[in-house]
Protein chains: 2
Amino acid sequence: MAVETANAVDKRRSLLHETRCQNCSLSSLCLPLALELEDMEQFDAIIRRRAPLKKGESLFRQGSAFNSVYAVRSGSLKQVTTEGSGDDQVTNFYLPSELVGLDGIDEQAYPGSVIALETTTVCEIPFDRLDSLSEALPELRGQLYRSMSKELRDDRRMMRLLSRKTADQRLASFFSSLSDRFRRRGYSPYSFRLSMSRADIGNYLGLAVETVSRILGRFQQQGLVEVSGREVNILNLEALLAQAQEEH
Amino acid sequence: MAVETANAVDKRRSLLHETRCQNCSLSSLCLPLALELEDMEQFDAIIRRRAPLKKGESLFRQGSAFNSVYAVRSGSLKQVTTEGSGDDQVTNFYLPSELVGLDGIDEQAYPGSVIALETTTVCEIPFDRLDSLSEALPELRGQLYRSMSKELRDDRRMMRLLSRKTADQRLASFFSSLSDRFRRRGYSPYSFRLSMSRADIGNYLGLAVETVSRILGRFQQQGLVEVSGREVNILNLEALLAQAQEEH
DNA sequence: ATGCCTCTATGATCACGATCAAGGAGGTGA
DNA sequence: TCACCTCCTTGATCGTGATCATAGAGGCAT
């Protein structure tokens with residue numbers, strides 16, 4: 001169709017507008033955070049917009065060729081690695097502004113599948129173009145190093161959680177961490193909706209579903225949180241934090 | 001002293017010779033692996049040689065300012081993070097050619113202390129100079145990305161180990177992995193010396209020392225390995241690998 | 001509405017590995 | 001050579017969280 005209505009053009013423009021980094025509400029958390037306006041435009045030019053993923057759809061599958069990293073715009077995802085038959089492991093949850101796929105660089109293949117937990121939009125960043133651009137933009141390069149370094153640090157924290165903490169401490173940690181991540185993104189740190197199932201949480205924390213359920217029940221009795229299905233209300237964040245950091 | 005003996009000059013030259021990347025036996029595994037000869041010379045120029053660390057000495061302390069990453073030349077180290085009082089966690093072991101300190105970039109401070117397990121030499125690589133150099137050398141940049149990415153992948157594997165594997169599988173995994181790392185470095189994959197104590201191993205794998213001891217005893221009875229103090233002889237690597245990867 | 005899932009909650013039992021306890025082995029300095 | 005100290009091994013008991021079993025709750029299509 002060669003003819004477009006003014007309306008259609010408007011729509012496209014507004015879509016374009018809201019998907020440009022300069023106007024993105026996440027720009028203070030995301031990869032280009034350190035860039036000047038003109039540099040950000042260069043960065044913006046290599047981004048590919050993707051159609052939203054529906055709940056359960058995968059951004060990519062384990063083992064598929066690595067070409068891009070992705071920044072989450074809205075929604076959330078989980079990373080799942082499968083080994084052998086039927087032994088899945090949830091290794092990460094991703095929230096808006098976080099970078100997905102960095103662990104695929106080394107082997108040029110993604111080490112796990114990444115699956116949307118709800119309707120989710122992402123920005124695709126082709127890695128070879130990102131790398132080229134990072135040559136000219138030291139701030140971008142630095143930010144990329146920092147992102148990977150931060151992920152390494154988070155991983156170490158997770159290892160400590162898995163090897164030294166009790167089930168109660170793990171869940172307290174998980175909720176504290178979620179709360180903090182929501183806070184940083186401008187959402188309420190006290191009241192939010194879990195996009196993942198109890199099974200996902202348990203799998204991620206190295207606990208059985210039943211244990212997750214039981215401990216949430218206990219937390220509720222203790223007045224730490226109020227949980228109804230996937231709606232969470234944190235009533236006593238301090239106590240939760242204390243519980244999380246408690247010496248064993 | 002302005003006068004040097006020929007002997008002293010020779011000594012220095014030979015020291016210089018054996019510590020240049022071009023002549024380093026690890027160059028095929030280490031950071032500059034992808035570099036042409038002339039590029040490698042540039043890289044070589046930013047490296048700082050350090051006096052060997054003795055057993056128990058620390059390369060840096062948790063919380064100290066991040067300035068450099070380090071490549072292990074010989075020996076081995078452990079990374080230890082302390083939280084609260086007396087709750088240490090061994091989060092990594094480093095062997096020759098591996099990069100230490102990458103998790104300090106983000107916060108400009110090292111998240112854990114790194115301690116020599118035996119007499120150990122490292123190459124210090126000031127990070128700001130590495131970053132500058134990586135601007136002009138895409139291969140170096142790529143290798144740096146790959147190193148970090150690989151560490152992310154290894155971390156995910158470790159999380160799976162900690163959250164899904166039994167004590168037996170963890171130890172089988174640990175020995176298989178060590179064996180593989182020695183093989184890649186040109187040492188025997190079957191016969192080696194552990195530079196870390198049982199306590200370190202247990203701490204790293206999320207197990208009590210007693211459990212490590214017991215399981216090593218059992219492995220020995222089963223004819224999988226022969227262990228005498230810190231000397232290890234792997235008798236049946238296939239069985240060990242099978243054990244490590246077994247479905248729970 | 002109805003039926004069919006999947007997800008969540010809760011109770012009962014069991015097992016793996018932690019903890020407590022004690023003794024042996026090996027290395028190091030006087 | 002001996003004493004001391006750290007590291008390692010082995011035994012006995014205990015506790016946390018997995019597993020098994022069942023039922024209730026909530027979502028979704030018909």
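Residue numbering restarts at 1 for every chain, and letters A, B, ... go by the order of the sequence lines.
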Could you state the atom-to-atom distance from [atom1] of [X] to [atom2] of [N] in whole Å?
{"X": "B:Arg218", "N": "C:dC16", "atom1": "CZ", "atom2": "P", "result": "9 Å"}
{"X": "B:Asp200", "N": "D:dC7", "atom1": "CG", "atom2": "C1'", "result": "11 Å"}
{"X": "A:Leu171", "N": "C:dA9", "atom1": "CG", "atom2": "P", "result": "11 Å"}
{"X": "A:Asn203", "N": "C:dT8", "atom1": "CG", "atom2": "P", "result": "13 Å"}
{"X": "B:Leu162", "N": "C:dG17", "atom1": "CG", "atom2": "C1'", "result": "14 Å"}
{"X": "B:Arg193", "N": "C:dG27", "atom1": "CZ", "atom2": "P", "result": "9 Å"}
{"X": "B:Ile201", "N": "D:dC7", "atom1": "CD1", "atom2": "P", "result": "13 Å"}
{"X": "A:Lys54", "N": "D:dC28", "atom1": "NZ", "atom2": "P", "result": "14 Å"}

Using a distance-only criterion (donor-acceptor N/O pair, under 3.5 Å, no hydrogens), is the base of D:dT19 paired with the side chain of A:Arg214? yes
C:dG17, OP1 or OP2 - any side-chain N/O from B:Thr211 closer than 4.0 Å? no
Should B:Arg170 be listed as having a side-chain N or O under 4.0 Å from OP1 or OP2 of C:dG17? no
Any chance the side chains of A:Glu118 and A:Ser76 put a donor and an acceptor closer than 3.5 Å? yes
Can we call the ring centroids of A:Phe192 and A:Tyr187 under 6.0 Å apart? no
Within the 6.0 Å centroid threshold, strictly below: B:Phe219 and B:Phe175: no
Quick check: do A:Arg230 and A:Ser197 have side-chain heavy atoms less than 4.5 Å from each other? yes
Under 4.0 angstrom, heavy atoms only, what part of the nucleic acid is [X] near: base, sugar-phosphate, or nothing?
{"X": "A:Gly202", "value": "nothing"}
{"X": "A:Ser197", "value": "sugar-phosphate"}
{"X": "A:Ala167", "value": "sugar-phosphate"}
{"X": "B:Leu207", "value": "sugar-phosphate"}
{"X": "B:Arg230", "value": "sugar-phosphate"}

Taking the side chain of B:Asp168 as heavy atoms from C-beta outward, which of C:dA18, C:dT8, C:dG17 is closest to it? C:dG17
If you check the B:Glu210 side chain, which of C:dA21, D:dC8, C:dT8 turns out closest? C:dA21
Closest-nucleotide 5' rank along DNA chain D - winner of B:Val227 and A:Ile215: B:Val227
Backbone N or O of A:Ile115 within a donor-acceptor pair of the A:Ser58 side chain at under 3.5 Å? no
